[in-house]
Novice: 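Would you mind keeping the following structure in view while I ask a few things?
Remember, it's 1-based here, ligands and their atoms both numbered in the order they're listed.
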Amino acid sequence: MLKSLSKSRQSIQSKLSAIVLGVSLVFALVSVTVQLGITYSHTVDWTTKSLEKRVKSTISTISYSLKQDDLTLLVRQIQQLADMPYVSNVYLIGDDGQQYWADNASRSKTDEHFMHHDLFYQGKDIGDLEIYLDYDAIKDDAFQSATPSALIYIFEAMLVAFLLIVIVRRTFTRRIRALVESVDRIDLNRVNKFAIPEKLTSSEDELGQVARSIQELYMRIRGDFVHNKLKERTLKQHKSLLAEEVSVRAQELEWQNLANKLLADLSLRLLKGHKTNVEHDVRICMPTLAKLFESDHVFWLSIDQERVSYRASYPVDSHEPSIDFSDNYKVKRWLMEAHEVATVDINNIDENAIAERDFLEHLGVHSLSMFPLTDGRKSFGLVATTTNHRSMRWNENKSLLLKRFATMLSELTIRERDHLAMTELQEELIMANERLRLEAETDELTRLLNRRPFSRLFSTALYDAEDENASVTILMIDIDHFKAYNDIYGHLQGDKVLSFVARAMDKVAKEYHAPLARFGGEEFAMLLPKSDEDSAQHVAWELCQTIRDLCIPHQGSANSGIITISIGGIICKPTPDTQPNQLLESADQCLYKAKRAGRNRAELKRYNASTEEVV
Ligand SMILES: Nc1nc2c(ncn2[C@@H]2O[C@H](COP(=O)(O)OP(=O)(O)OP(=O)(O)O)[C@@H](O)[C@H]2O)c(=O)[nH]1
């Protein structure tokens with residue numbers, strides 16, 4: 001039962017109650033037993049002493065009456081002894097063997113206890129006196145007298161037990177239960193502040209110590225819990241910060257990657273592309289640039305003195321506000337002399353910077369970031385990115401990107417400038433070369449081609465004629481009796497005549513798109529591509545007539561009296577083996593024939609390229 005009680009929910013109280021009750025009952029039983037023993041022994045002792053006292057007072061009378069055989073006295077004396085409390089019987093035996101019994105219920109002496117006294121009379125043993133006690137009666141009386149005490153003891157024990165339980169309950173069980181209830185309320189998964197009631201902890205007894213220990217333990221656990229929670233929260237915060245940091249880093253890297261790719265692409269495009277497509281190439285990368293800057297517009301301005309021009313802008317169809325620095329040097333200086341990326345927001349602009357504010361308002365710009373284009377000495381342009389209605393979010397990376405973009409455009413502009421200078425120089429050189437070439441290929445006196453370019457043209461004409469299966473004519477022209485002219489009119493006059501004749505023939509040549517050259521001295525050569533015999537004959541005749549028509553007097557010319565020319569010509573349908581020199585030689589021979597035939601005429605022959613014969 002105790003076991004089951006001890007297992008019950010109110011185990012301590014029940015156990016205590018049972019223990020206290022049991023101990024009290026045992027104590028009561030022991031007390032009653034002790035009381036009984038004491039009462040019994042006390043009664044026996046008292047009875048014995050009373051008897052001894054009585055025997056002592058009556059023994060001489062009994063001895064006397066026995067000796068005197070005064071039976072009446074003897075019996076009375078014995079009966080008086082026998083009437084004493086708890087005396088069951090009195091037995092007397094004389095030395096003569098005579099027995100006397102008191103007149104009590106029992107005369108047996110088998111189970112009785114007794115007191116023994118020797119009877120003397122005048123120093124002589126005359127008999128024995130034995131007194132038997134009624135121990136059962138003593139016991140009964142003892143029990144009877146002990147019963148109230150036992151009841152009192154039991155009541156007392158019950159009372160003590162009850163009081164003890166009440167006291168235990170008041171001072172111990174109830175507090176333990178309150179403590180248990182308090183402890184039950186502890187939730188270690190929460191950080192609520194918890195306190196065991198002060199009435200439990202303030203006590204100096206063991207329970208108070210236990211309550212304080214629990215409170216301290218809880219405080220320590222709570223402290224640890226709070227510490228762990230704080231650690232956990234800090235860890236969470238760190239983790240979230242780390243995740244945020246990683247995300248920001250990733251975005252930055254993505255941004256940086258896009259920026260690098262943009263600049264690399266632009267750089268490559270500018271290197272590969274044609275110089276005239278520069279603006280186009282820059283314009284292509286501007287949308288990405290605007291995205292990277294988170295801006296509305298990107299401008300590339302070229303600034304020369306007060307003249308500002310947009311080289312490229314984004315968006316393409318956006319309004320490009322006109323910029324005039326003619327009476328706004330302050331703003332120009334502000335824009336062009338920045339050494340770092342300048343960012344300005346209409347909200348934060350210095351109150352004194354009225355010109356700058358007006359400038360931004362004129363542009364319709366809320367926020368602006370810019371960097372000048374410079375060759376290190378002088379600024380010649382600007383890259384700027386702007387927002388219209390909001391502040392621009394700017395950072396180091398964006399500054400760096402704008403700087404790198406501006407540096408690229410600066411280098412590009414410098415390269416363009418150098419390229420322009422180089423092109424101009426090249427063009428000058430080409431023109432000079434052309435002039436030199438023309439000079440080298442032009443006869444100084446007549447301004448006609450000289451022999452070298454003519455030979456080249458002649459070879460080309462032969463190839464063309466061969467390709468087209470056409471005929472080509474070469475005319476060799478010589479002024480008649482020119483030595484005589486020099487001799488008569490002088491060398492200088494001879495030079496003048498050479499010029500006149502050349503100019504006149506050139507007119508004819510131009511008419512027929514025929515190259516004409518001074519071949520040397522007073523000799524000329526004319527080439528008639530795609531010509532047949534008739535046309536060649538006609539041109540030759542026209543040449544002779546043209547010179548005759550000049551009517552330059554020549555006293556040394558016996559037959560005409562004027563300057564005339566003789567022409568020898570070869571008409572040829574060339575083959576791949578046809579040699580220009582051979583044709584020139586043949587034409588020369590024809591010229592010789594014309595001279596011999598009387599001059600002032602043309603002698604034209606066909607040259608058979610297959611047989612290499614003049615026919
Ligand atoms: N003034 C002048 N005379 C030149 C020039 N080149 C050549 N001559 C002269 O031209 C003359 C050519 O003379 P020749 O080859 O003997 O022939 P020609 O006197 O014209 O007689 P034909 O040719 O037979 O009619 C020479 O006296 C040269 O000195 C020149 O540039 N200026």
Novice: For atom 30 (C) of ligand 1, what is the nearest protein heavy atom, given as residue, atom name and distance?
Specialist: L498 CD1, 3.5 Å
Novice: Do F482 and ligand 1 have an N or O pair less than 3.5 Å apart?
Specialist: yes
Novice: Charged N to carboxylate O under 4.0 angstrom, E439 versus R447?
Specialist: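 So E439 pairs with R447 through a salt bridge.
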Novice: So how far is it from K261 NZ to L292 CG, rounded to the nearest 0.5 Å?
Specialist: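 Here the rounded value is 11.5 Å.
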Novice: Nearest heavy-atom pair of C590 and K605: which atoms, and what distance?
Specialist: SG-CG, 3.5 Å
Novice: Among all protein heavy atoms, pick the one closest to atom 16 (O) of ligand 1 and tell me residue, atom and distance.
Specialist: K483 CD, 3.9 Å
Novice: Does ligand 1 come near enough to D480 that some N or O of the ligand is less than 3.5 Å from an N or O of the residue?
Specialist: no
Novice: Are T442 and N450 side-chain neighbours, meaning at least one heavy-atom pair lies under 4.5 Å?
Specialist: no
Novice: Before accepting this row, confirm whether a basic side-chain N of the pair R390/D296 lies closer than 4.0 Å to the acidic partner's carboxylate O.
Specialist: yes
Novice: Who's the nearest protein heavy-atom neighbour of atom 23 (O) of ligand 1, and how far?
Specialist: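 Of the protein heavy atoms, K595 NZ, 3.1 Å lies nearest.
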Novice: Which atoms form the tightest heavy-atom contact between F380 and R417, and what is the distance?
Specialist: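 The answer is CD2-NH1, 3.8 Å.
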Novice: Considering non-hydrogen atoms only, spot the tightest contact between T473 and D532 and give its length.
Specialist: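 Minimum heavy-atom separation between T473 and D532: OG1-O, 4.4 Å.
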Novice: Can you sort out which atoms of ligand 1 are near G521, meaning under 4.0 Å from one of its heavy atoms?
Specialist: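 Counting from 1, the qualifying ligand atoms are 6 (N), 7 (C).
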Novice: Identify the protein heavy atom lying closest to atom 4 (C) of ligand 1, giving its residue, its atom name and the separation to 0.1 Å.
Specialist: N486 ND2, 3.3 Å
Novice: Can you name the nearest heavy-atom pair linking M526 to M505, along with the distance?
Specialist: CE-O, 4.0 Å
Novice: Pick, from E522, R518, K496, the option with the minimum heavy-atom distance to atom 12 (C) of ligand 1.
Specialist: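 Heavy atom nearest to atom 12 (C) of ligand 1 belongs to E522.
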Novice: Which ligand 1 atoms are under 4.0 Å away from a heavy-atom of G494?
Specialist: 1 (N)
Novice: Only heavy atoms of D478, strictly under 4.0 Å: list the atoms of ligand 1 that pass.
Specialist: 23 (O)
Novice: Ignoring hydrogens, what is the shortest heavy-atom contact between M370 and L368? Give both atom names and the distance.
Specialist: SD-CD2, 3.3 Å
Novice: Tell me, which protein residue and heavy-atom name are nearest atom 24 (O) of ligand 1, and how many Å apart are they?
Specialist: R599 NH2, 2.8 Å
Novice: For atom 32 (N) of ligand 1, what's the nearest protein heavy atom and its distance?
Specialist: D495 OD1, 2.7 Å
Novice: Heavy atom under 4.0 Å from ligand 1: found in D487's side chain, backbone, both, or neither?
Specialist: neither
Novice: Any idea which atoms of ligand 1 are less than 4.0 Å away from a heavy-atom of I479?
Specialist: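 Within the 4.0 Å cut-off of I479, ligand 1 contributes 20 (O).
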